[in-house]
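Scroll down for the structure; my scribbles are underneath it.
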Amino acid sequence: MQGERRYNIILLLSSFVLLGFWLFSSLSAGISGDEYVHQKHAEDVVEYYATWGKNTSALETPVTNLKYYGQSYDNAATLIARLFNIEDIFTLRHIMSVIAAWLIIFLSYKLGHHLGGKWAGLLTALFLLFSPRFIGHSFNNLKDIPFALSYLMSVYSMIRWIPQVPNPKLKESLMLILSIAFAISIRPAGILMICYLVLFSGLWYVVYGRLNSVSPFSVLKSLSFIIVCAYLLGLLFWPYALENPFWHPLESHFIMSNYPVTMRQLFEGKLYWSDQLPWYYIFKYIAITAPISVVYLFLFSPLLFNKGIGKAISTDSILVLFFVCLFPLMFIVFKASNLYGGARHLLFIIPIICVLAALFFVGLLRAGGKVFPGIIFSVLVLIGFIQPIKYIIKDHPYQYTFFNLTVGGLEKAYGAYETDYYYTSLRQGADELWKHIRQSKEDTIVVASNFRIEPFVSIYDKAVKTIYTPYYQRGNVDWDYGLFVPAHLYPHNSASLHWPPRDGIMQISIDEKALCVGVKRNSKLDHLAFEALGKKQYQDAIQLSNQFTTDKPFSLSANMSMGEAYFNMGQFDQAQKVFNTCLYILPNYEPAQLHLALIAKSNNQIEKAIDLLKEIISFNPKYTKAHSELVYIYRELNKLNLAKEVIKEGLKNKPFDKTLLSLLEAIKNDK
């Protein structure tokens with residue numbers, strides 16, 4: 001008894017030390033790509049309640065679709081900041097994110113302990129604590145981390161509550177209500193917790209309830225109380241749901257389970273649109289980003305159904321864990337859901353995976369019977385954690401860019417998979433760039449980036465303006481310094497000509513792999529060339545581009561301006577050479593390929609033009625300019641059926657493309 005008490009005290013003190021260190025570590029974390037829009041929406045939500053529903057900005061989100069989210073944790077952060085006049089809202093958000101992650105560790109321990117004893121609990125907590133992706137997201141992800149907490153709370157509460165039916169303890173009922181309500185208040189998918197509860201309770205009644213003469217009405221009574229309370233409580237801080245509590249939550253779930261906004265993603269060294277990724281995308285991403293020991297322990301965890309290994313663990317609980325882990329994966333595959341950003345949308349199943357991995361580890365050791373094999377097995381598992389632990393310590397605060405050794409770590413995954421897709425390196429990059437900017441004698445500096453950087457440069461004691469530019473078109477706009485990250489870029493490696501930029505003056509990197517690059521612009525001739533092109537001053541555009549590419553031959557922007565100027569002047573041979581240079585700099589670059597197809601068409605090389613356009617469509621099915629040009633060719637050839645097929649294919653990927661829709665109407669009138 002005394003030993004158990006000492007153990008609990010040590011565990012409690014250790015957990016608070018961990019929390020303190022974790023909170024301190026969060027102070028250096030960057031602002032994630034989603035935080036800006038969620039913070040803005042949270043302000044609108046708080047205003048909705050502050051004005052008793054008169055301010056309806058929270059209900060009008062045509063671009064972000066955030067009205068379909070409850071995002072209660074984001075809203076709570078904004079409310080706390082307003083109540084206590086906290087100006088540094090992002091630091092507060094990061095602190096709250098860490099607290100949610102810390103609670104996940106705590107609950108993971110509790111679940112593991114409940115099912116397999118204290119060693120299973122400790123190992124579950126350690127497996128999660130040594131998972132770099134989880135740690136990385138814990139610093140600034142107020143969407144996926146809190147939802148993971150609510151999911152884990154709900155599962156743990158169900159496992160404890162269901163066996164107590166029809167007379168569950170009030171404490172367990174309250175915990176289950178709060179857990180499900182919390183899940184619903186963050187994401188529409190939280191409604192699945194109600195479905196889980198109904199399913200598991202029904203199965204429990206069929207297997208056990210009838211044998212113990214439990215009345216089905218008593219089960220329904222208990223379920224109804226939990227469901228009604230949890231559902232209504234979950235909607236309290238979700239404005240759109242409150243507007244129509246019976247339909248809007250379901251509508252939100254249907255819409256967000258197939259998110260309408262798509263973006264291009266690097267996966268296996270290829271570019272995909274996020275709604276067209278291979279079916280195994282999420283399975284592979286979990287397998288290559290979790291600690292390798294956790295991956296293998298989880299893969300063998302079905303052996304827990306073996307009586308020798310899982311004899312001390314409830315089979316029912318193991319079935320529940322496997323279901324809540326695998327069902328979301330299968331649902332995503334079945335729905336062909338729109339995914340991006342690695343496995344972060346499925347972050348909520350990672351604690352469950354760690355629980356199953358820990359239970360299998362402990363069960364196998366208990367079943368072994370011999371010390372020596374157990375030691376060897378433990379050492380092998382420990383070796384598997386060396387790489388992720390080293391990454392967590394050495395590469396803070398970019399732990400979420402971790403890849404395990406199955407793909408060769410970040411060194412081999414770089415350029416084949418997304419790395420800093422959340423733009424978190426921009427914070428440190430801005431600090432490093434400032435060391436160069438402050439030496440400038442200019443009164444006003446313009447800093448360009450392929451993401452928002454206003455919060456970082458606002459602390460500069462110089463007049464700094466910011467401008468957004470897509471990375472590959474950065475030469476077309478006017479700026480003095482640039483700060484760029486490799487998010488959503490084409491495949492790249494150490495030999496690439498397009499990333500990292502060759503005129504960088506500073507770099508944030510992991511193992512010499514650039515996550516963020518700062519650039520000082522020494523010449524604006526590429527921008528002037530683009531302006532001349534827009535004014536149809538083609539000779540000037542060619543001359544300026546030539547001057548710029550003399551020093552920087554691999555400038556995509558300058559070469560594109562030069563190629564388009566030659567093209568518009570009808571000098572197709574010169575244009576073709578320049579566009580081929582563009583493709584040498586950036587293979588498969590659609591605008592360059594499209595111009596080559598147009599040149600082939602102008603030279604009456606119709607089959608070549610068709611092949612080039614088909615090649616573009618194959619590489620990028622949503623680049624409907626290629627579809628349109630192909631339709632024009634087929635119409636000229638009077639191949640109207642082929643033209644209709646191309647339009648149909650294009651509209652499948654971009655249903656509201658105005659050009660394709662007008663072409664479809666025009667073809668109907670063709671004779």
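These numbers were taken from a predicted model, which means no experiment stands behind them. Heads up: numbering here begins at 1 and tracks the sequence. Computed from heavy atoms alone, side chains included, the values below leave out hydrogens, waters and symmetry copies.
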Steps toward salt bridge (Lys or Arg N to Asp or Glu O under 4.0 Å) verdict (Arg93, Glu35): CA-CA 9 Å; Arg93 288 172 59 87; Glu35 283 195 86; 2.9 Å; yes
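- Counting only N and O atoms by type, the side chains of Ser28 and His396 include a donor and acceptor under 3.5 Å apart.
- Judged purely by distance below 3.5 Å, without hydrogens or angles, the side chains of Thr406 and Asn404 pair a donor atom with an acceptor atom.
- Of the possible donor and acceptor atoms, one in the side chain of Ser215 sits under 3.5 Å from a partner among the backbone N and O of Phe217.
- The two residues Gln399 and Pro132 come nearest to each other via the heavy atoms CB-O, 3.2 Å.
- Centroid-to-centroid, the aromatic rings of Tyr421 and Tyr340 stay 6.0 Å apart or farther.
- There is no side-chain donor-acceptor pair under 3.5 Å between Tyr417 and Lys412.
- The side chain to side chain donor-acceptor pair (under 3.5 Å) with Gln265 is formed by just one residue from the set His488, Lys270, Gln276; it is His488.
- The aromatic rings of Phe348 and Tyr151 lie tilted to each other, with the angle between the two planes from 30° to 60°.
- Gln71 and Asn75 share a side-chain donor-acceptor pair at under 3.5 Å.
- By the 30° and 60° cut-offs, the orientation of the rings of Trp102 relative to Phe106 is parallel.
- Two rings, from Phe385 and Phe127, have their centers less than 6.0 Å apart.
- Classification of the Phe323-Phe327 ring pair by plane angle, with boundaries at 30° and 60°, yields parallel.
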Evaluation steps, side chain to side chain contact (heavy atoms under 4.5 Å, CB included), between Phe182 and Tyr73: CA-CA 9 Å; Phe182 187 30; Tyr73 212 69; 4.1 Å; yes
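- For the residue pair Tyr391 and Thr401, a side-chain donor N or O sits within less than 3.5 Å of a side-chain acceptor on the partner.
- A cation-pi contact links Lys118 to Tyr7, judged by a cut-off of 6.0 Å to the six-membered ring centre and 45° from its axis.
- Annotation: cation-pi pair Arg133/Phe403 present, NZ/CZ under 6.0 Å from the ring centroid and within 45° of its normal.
- No donor-acceptor contact under 3.5 angstrom links the side chains of Asn140 and Tyr422, judged on distance only.
- Side chains of Asn141 and Tyr400: no donor on one and acceptor on the other come within 3.5 Å.
- Residues Ser138 and Ser97 bring no donor and acceptor atom of their side chains to less than 3.5 Å of each other.
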Asp34 vs Lys143, test: salt bridge (Lys or Arg N to Asp or Glu O under 4.0 Å). Steps then yes/no. CA-CA 9 Å; Asp34 281 342; Lys143 181 170 55 177; 3.2 Å; yes
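- Using modelled atom types, one finds no donor on one side chain facing an acceptor on the other under 3.5 Å when comparing Asp275 with Thr262.
- Of all heavy-atom pairs between Leu122 and Tyr109, the closest is N-CD1, 3.5 Å.
- Between the side chains of Ser72 and Trp238, not a single donor N or O lies within less than 3.5 Å of an accepting N or O.
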